[in-house]
Amino acid sequence: LGARTLWICFGVAAANMATASLARLLARGRCWGDFGTWRVAVGATACVGTFYVAGPVARCSRDDGQGHSHSHGHAHSHGDGHAHAHDIPRERHHLVFGVPKKGRLYEKVAKMLQGAGIDYTRKERIDIAQCSNLPMSIVFLPAKDIPAYVSEGDVDLGITGEDMVAESEADVQILMQLGFGKCNLSVQAPKEKNLRPEDLAGMRIVTSFPNITRKFFAGLEQEGCPTQIKCISGSVEAACGLGLADGIVDLVETGTTMRAAGLEEVTTIMKSQSILIMNPKTKHPELIEIVRKRIAGYLTAQEWVMVTYNVHRFNLKRAEAITPGKRSPSIQPLEDKNWVAVAAMVPKAKAPAVMDELELAGAHDILLTALLSTRSG
């Protein structure tokens, strides 16, 4: 076998071993505070992925006079017929992107990444994947842990909720809101009691957000009467009915679960949605900007459609007023000098009404086209 073939075989084997190791580590459910072991696993996997794609890189700084030849991108050769590779870069060259590993949020993120042209294949029961068209590793993590991983620097980029970032108090940079996963973090109490926020201060509160809850009630408490905050991880809405709490702090999306438990929203502490975050000290700012632009382009495309139509010049001004576009409509003359073709972007939610108005304004051949992605410049 040739040297290149041997190197590829080695790369495949090593990548599989490193990926399996990380999967086992994540499957054990280690606490996110145990960063040392996780850092080694992710670093090993990302580095192996880099070496497998790029091949060994040798840097020679000497000539020993024994036939030692200087070359880049392949192994050095000696006059004695032996080959070697040294000075392989130790730093991780792959960006690590943490995304939610399951649930509705995972499904929305997976669809968004596919639409943004970020290609990867996630194998069953494996929580890491290599992006096939960017030097990036995607790690699937619990959404609540992603801010901590990004803050510590093991993960360069992440998708999580605004509520998760606020609760973790992680030092991360918010790049953009993603427009999905919208909900309210609210104080809730039994409906029949008609309580106010200040009535619950000093009482028993159950929540999955102890830090946010503690800060909220701190300004309402009377001296010497602190709020008793108990943290549980799930089924928070059942706490009042089971006698564990006088009120709760929990997420409200549609309110169906809240009403089914006999609760009402006392007040909203914060509004939350999914966001893209990064480590302020990342070593991959250029690649992060590429990913951000791709995601932003896809999200914009989901909110707009392209409408095209033909219209007589006499009716052009009226039609332009209906379809001003994001900046201005594109107008092209037709072979019949009295007619023009118009193309403009319109909000997707208003598109049916826009078509109705255009028809009344004298437009013909009206077409509506979906957008895959955009770059607004």
Side-chain angles (χ1 to χ4, degrees), residues 29 32 98-112 127 140-148 158-170 174 177-221 227-277 299 302 349:
W32 58 259
V99 302
K101 66 184 297 182
K102 60 183 180 180
R104 286 179 295 176
L105 189 56
Y106 162 72
E107 294 170 359
K108 289 181 178 293
V109 169
K111 182 179 179 181
M112 181 186 70
D127 285 334
F140 303 91
L141 301 165
K144 66 175 182 173
D145 294 341
I146 289 176
I159 293 176
T160 187
E162 290 176 302
D163 53 316
M164 303 296 183
V165 172
E167 174 62 24
S168 68
E169 301 177 337
I174 298 176
Q177 295 178 322
L178 301 177
F180 54 81
K182 293 182 177 180
C183 56
N184 295 338
L185 182 62
S186 303
V187 179
Q188 304 166 40
K191 188 174 182 180
E192 67 275 8
K193 294 188 177 180
N194 196 28
L195 296 173
R196 301 170 299 171
E198 50 268 30
D199 298 329
L200 289 167
M203 300 180 75
R204 300 173 303 159
I205 303 295
V206 163
T207 184
S208 299
F209 300 87
N211 292 332
I212 296 176
T213 302
R214 191 172 294 110
K215 289 180 180 179
F216 175 79
F217 282 105
L220 302 175
E221 295 167 353
T227 304
Q228 304 168 49
I229 299 172
K230 186 175 183 63
C231 181
I232 62 175
S233 59
S235 300
V236 176
E237 70 281 351
C240 293
L242 296 176
L244 187 62
D246 301 300
I248 67 171
V249 172
D250 200 15
L251 295 172
V252 179
E253 188 172 355
T254 63
T256 302
T257 302
M258 176 183 67
R259 290 188 291 271
L263 304 174
E264 66 176 355
E265 194 171 31
V266 177
T267 189
T268 298
I269 297 178
M270 68 174 292
K271 293 184 178 294
S272 177
Q273 65 175 288
S274 299
I275 53 176
L276 182 68
I277 61 175
L299 294 177
Q302 303 315 295

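The figures here come from the full heavy-atom set of this structure, side chains too, leaving out hydrogens, waters and symmetry mates.
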Atom pair [atom1] ([X]) and [atom2] ([Y]), whose distance is rounded to the nearest 0.5 Å:
| X | Y | atom1 | atom2 | result |
| --- | --- | --- | --- | --- |
| F216 | I205 | CZ | CD1 | 9.5 Å |
| K193 | L200 | NZ | CG | 9.0 Å |
| L263 | S186 | CG | OG | 11.5 Å |
| L251 | N184 | CG | CG | 9.0 Å |
| M203 | F217 | CE | CZ | 10.0 Å |
| T160 | E167 | OG1 | CD | 11.5 Å |

Subject >> Residues that E264 engages under side-chain contact (heavy atoms from CB on, under 4.5 Å), provided they are two or more places apart >> reply: K191, N194
Subject >> Side chains of M164 and I146 in contact at under 4.5 Å (non-hydrogen atoms) >> reply: no
**OP:** For L141 and D127, run side-chain contact (heavy atoms from CB on, under 4.5 Å): C-alpha distance rounded to whole Å, both residues' side-chain angles, the deciding distance at 0.1 Å, then the answer.
**Re:** CA-CA 7 Å; L141 301 165; D127 285 334; over 6 Å; no
**OP:** Show the numbers, then the answer: is there a side-chain contact (heavy atoms from CB on, under 4.5 Å) between V187 and I269?
**Re:** CA-CA 7 Å; V187 179; I269 297 178; 3.8 Å; yes
Exercise: identify the closest heavy-atom pair between [X] and [Y]:
| X | Y | result |
| --- | --- | --- |
| D246 | P190 | O-CD, 3.5 Å |
| S274 | G181 | OG-CA, 4.0 Å |
| R104 | E253 | NH2-OE1, 3.4 Å |
| Y106 | P100 | CD1-O, 3.2 Å |
| T227 | G202 | OG1-N, 2.9 Å |
| C231 | S208 | SG-CA, 4.3 Å |

Subject >> Main-chain N/O of P142 paired with D145 side-chain donor or acceptor, under 3.5 Å >> reply: no
Subject >> Backbone of A201 reached by a side-chain donor or acceptor of E221 within 3.5 Å >> reply: no
Original post:
Could you go step by step and tell me if F209 and D163 meet the side-chain contact (heavy atoms from CB on, under 4.5 Å) rule?
Top reply: CA-CA 8 Å; F209 300 87; D163 53 316; 3.4 Å; yes
**OP:** Among L185, V206, I229, find the one that has a side chain to side chain contact (heavy atoms under 4.5 Å, CB included) with T213.
**Re:** I229
Original post:
Without hydrogens or angle criteria, can the side chains of E237 and T257 be said to hold a donor-acceptor pair below 3.5 Å?
Top reply: no
Subject >> Q302/M112 under side-chain contact (heavy atoms from CB on, under 4.5 Å): CA gap, chis, key distance, verdict >> reply: CA-CA 10 Å; Q302 303 315 295; M112 181 186 70; over 6 Å; no
